[in-house]
Structures are given as structure tokens and as C-alpha cells.
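Each ligand, and each atom within it, is numbered from 1 in the order the structure gives.
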Amino acid sequence: MSIKTVATTAFDDQKPGTSGLRKRTPDFLRPHYVENFIQSTFDSLEGFAGKTLVVGGDGRYGNRQAIQTIVKMAAANGFGKVLVGQGGWLSTPAASCVIRKYGAFGGFVLSASHNPGGPNADFGIKYNIGNGGPAPEKVTEAIYAHSKTITEYKITDAADIDLDRCGNSQIGNTVVEVIDPVNDYAELMKQLFDFEAIRALFKSGFRMRFDAMHAITGPYAKVIIEQQLGAPVGTVINGIPSEDFNNGHPDPNLTYAEELVAEMFSANAPDFGAASDGDGDRNMILGNNFFVTPSDSLALIAANAKCAPGYQNITGIARSMPTSAASDRVAAALGLECFETPTGWKFFGNLMDADRVTLCGEESFGTGSNHVREKDGLWAVLFWLNILAARKESVEAIVREHWAKYGRNFYSRHDYEGVDSAGANTLMSDLEAKMPALIGTALNGMTIAYADNFSYTDPIDGSVSTKQGLRIGFEDGSRIVFRLSGTGTQGATLRLYVERFEADSAQHVQDTQAALANLIQTADDVAGIKRHTGRTEPTVIT
Ligand code: G16
């Protein structure tokens, strides 16, 4: 085995977005593209000689090839050990778990998350630091800076490792260990939740459907839900990961998880339904003919945290800015700190490391806690199972009771996917320009209390993140928020977030879109969505 130094030319498009570098697969297949990004990452880090690197991904097209490259480059760059999930598999939360458990220096997670996979779909690479969480902005900015000037990378000429067999092999001085991708994660879940109570729930005839959407959570859900918790075989559907998610779109929402949604909204629906995304960090929670918004799910989990043995003492709750304020109400009632961060799980890391928050959540179907430093789809599902096992009520009854107690934050997100970037950028810049003059004026009968571009100062390290979304808040507490997605790979995706608080429980039966109709109309009036995007309606409504 020898180490080769390979001359390369920099690419100018390796800027990590909301969650790592995500692009079309053909972009990653360009010669040296993966190598440049990996070397730029190594060149941005210090002190990893002899340390451990974790590598795994969601099994999508390109996963195995990228892993072979990363392993050989890690050896050439001086890592002492590389831990790789068998088959190249590690869900995003499992990768975070493994990094933390084995005190690794960091890890690479290969995934484009909820985006489709395949030779003509999407791929992604994300670097996570030693706390198990996505690299903070100062690291991703350093990676980007290196990627623009890189001239060479290091790689060994070793043979490919056998990804399918657990065990150790050696590349020069570097040990490569292929590990079971599920064990460490399943072990952690057992420590957090009351498995006995959940087993009893399934024994009592409780019916559940978990849709793994042909993605990475399948193997985890089969082991934990079917084998360890005793749910009948067949509870987990679409449980075998496929390189292109069976030609599907592994995004667990009401639009893309259509098989699950059809069953959960049928006459003979199971008691509980859930789905997870491409890399296993997102979740959708459904009851019998009932949808729980991710924002409500976070609030519900917080309010019922004591049902789970691992959550007897929660310190605080954090949510991303566009996420509804439902969890703020729970935090206030429980006397907990609560934080509003920009979109991106990486912003929760410092708060969790400092033990200021235990639970975090985002409207984008992400919920999690300080057990790892990623959001965790299956964790959220197990938390709900634990709550259902403890309370022995239906999902709908639990949510309605919560609304009656705390009030209901009617909430919806409208996505305009793949719109023309120029039009989307103009929409945002025009709106931002007129914001100062909007304050104090009335729109469709509602007076604007504030209008700004959200900026966040991290309370732990003082770092400032600006331009995180345009917010218009009204005097009655309602608000509309506009953001351009940082995870899309084609054109631009405009996200409109709409929220209205309703204290009166007699009004909670209203349909969400109807309850928000005036705000949705106002958003178009003020921002000219139709005019700028050329679209008459959103691609996805959640
Ligand atoms: C990623 C981030 C999340 C973010 C989501 C949507 O999730 O980790 O924090 O909320 O993208 O971001 P955007 O609105 O910019 O598209 P995932 O599941 O894609 O890793």
C-alpha cells in the first residue's frame, strides 16, 4: 500500500448548505469531486492524527463508492481508525450515536436526506464533528474556503474494503472496522424508553404501521419495533433500503408518504402511523385519521416527557424560527428555557452541549433530543409509542386535550419547489426592501407588529447568523415567514410558513387551511408569490 498525492483543480460550487453538500448525483460523479470535498474537509480540521473517523450513509446510489474513497483518503491523511456501517449503512442519527459512543473525532454522513436518490437524482456529503452533530458554520465555511483553492489530495492505493462483512481490516497503519449499523443505536433507545410498557401495548392488540419509504430506517425499525418491541411482522412496510428508494421520494409528509397516508386515513386505519425519510432523521406522526404537525409533536413530546424513563428532567426546549410556537407554551408552563434558532439542526448543537436544552424540533419533520446531535426519526416514533403506552389514549385524544390546555397553534407550510431562482430571489429582496415601511400598517385587517430578516446570536459562543428568513408578525401573534430552502438541488424552493394561535377550544375543530386562509392570502398579497414564481399553487402543503 502506498499513499498517492493526486493533483486536482478546485470546483467553485462546494459550499455546504443547510445540511452539508447536496447536489445532483452526476455532479458528485465528476472526476475528483468527492475527493476534493473530503480533502478540503480534512484540510480544515486539526488534531485528527491517529483518531477515529465514522463513515456511513443511507444506502442511496453512490454511497458505496464514496465510502471506499473516504476510507482510502482517511488512511492516507493519518486517521488511526475508520468505523464503517455494514453495507455502507448508517442512518444519520445512528452515525451521530456511533461518533459519540466511540469518542470519534468526527464522521461523514452520505445522504441527500429526503431528496430522491439514483444516478439522476441527488447525493450529499455532510461532515459531523466530535459531538456527533453537523459541523457548525465556522467549519463549513473553512471547508468551502479550502475547496476553492485546493490543488491536491491524498489517497492510498489499497484495494476496496469488504463493506458487507463485519470485522477489522488494515490499510497501512489505519484499522478499518465494519460494524453492525443497528446495534449501538438500538442499545441507546433501550436506555431511553420503557420497552416493557411498549411491548405490553402491542400485546394488547394496538395496531401500528411504520413506513420506512424504502430507506435506511427499515433495518432499524424491523429490529426495534418488530423484534424487540414485539409488533407483528409486517408492521414495518417498505423496509428494505434501495438505492433509489424504489424510485420514490423518501420525504415523510402528507404528499410523499402516500401509501401510509392512504391507510391511516381509511376506515380500518391502525391506531398509530409513522414514517421516516431517506437518512432516518425525519419523522411523520399520524393517528387513526389524524395528522400531528411536527411543531405540535415537539410540544406534545415535551409536555409528556415524563412518560419516558430517559426524560425525567428536561432542561429546556429549542425550535427553529419557522417552527410554530406551540412548544414555547409548554416551556412556559413547565418553567423551562426555550430558544428560537435558525433553520438547521447544527444550531441546536451548542445549546445541547451546554445542557441548556434537552428537546429540539423543527417544522421540517425533525424532532430529537440530546441523546445524539442529529434529529432522530425513529426516536420520535418510539417516544410517541412510549406516550401512547403510558397514557392509553388515542393519538387524536391526546392532541385535542393538549390543544384544550395550551391553545392551538394553527400551522402550515407551503412549498413552491423548483421555481426559477431569479424570480425567487427577487421576491425575497423586494419583500425585504419594503419591510421597514410595513411595520404599523394593516394588511387584510391585521396590523403588522414587526417585519424583519431573522438574525440569531448563539447564546453559547456568541456567533451571529444573519439573513435566516423574512418574518412578518401581526399584533394578534399570527405570523408569516418566507425562506428559500438551503437543501434543494434544482432552481429554488420557496417556503412559506403560516401560523395563527387560537385559544378558544371551540375553534380547534376548524380545518387548518381554512383557519389560515386570511394569512395565506396576505402572504401572496404582500410578497407576490404567484407573480414572482409563476405558480398558482404550492407543490407541497404540510
Ligand atoms: C435539513 C436540516 C434541517 C432543516 C431542513 C430543511 O434537514 O437538517 O435542520 O430544517 O433541512 O431545510 P431547508 O428549509 O433549508 O430546506 P434534512 O432532513 O434534509 O437533513
Which residue and heavy atom of the protein sit nearest [atom], plus the separation:
| atom | result |
| --- | --- |
| atom 17 (P) of ligand 1 | Ser113 OG, 3.1 Å |
| atom 10 (O) of ligand 1 | Ser364 OG, 2.7 Å |
| atom 11 (O) of ligand 1 | Thr487 CG2, 3.3 Å |
| atom 20 (O) of ligand 1 | Arg22 NH2, 2.8 Å |
| atom 15 (O) of ligand 1 | Gly486 N, 2.6 Å |
| atom 5 (C) of ligand 1 | Arg282 NH2, 3.5 Å |
| atom 8 (O) of ligand 1 | Lys375 NZ, 3.0 Å |
| atom 9 (O) of ligand 1 | Glu362 OE1, 2.5 Å |

Checking ring pair (Phe, Tyr, Trp, His ring centres under 6.0 Å) between Phe11 and each of Phe37, Tyr144, Tyr33, which is the one that passes? Tyr33
Heavy-atom pairs closer than 4.0 Å: do any link ligand 1 to the side chain of Glu363, the backbone, both, or neither?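 Contact part for Glu363 vs ligand 1: neither.
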Between Ser19 and ligand 1, which residue portion shows a heavy-atom distance shorter than 4.0 Å: side chain, backbone, both, or neither?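 Under 4.0 Å from ligand 1, Ser19 contributes side-chain atoms alone.
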Before accepting this row, confirm whether a basic side-chain N of the pair [X]/[Y] lies closer than 4.0 Å to the acidic partner's carboxylate O.
| X | Y | answer |
| --- | --- | --- |
| Asp415 | Arg413 | yes |
| Asp296 | Arg408 | no |
| Lys126 | Glu374 | yes |
| Lys23 | Asp122 | no |
| Arg479 | Glu499 | yes |

Quick one: does Phe482's side chain get under 4.5 Å of Arg495's, heavy atoms only? no
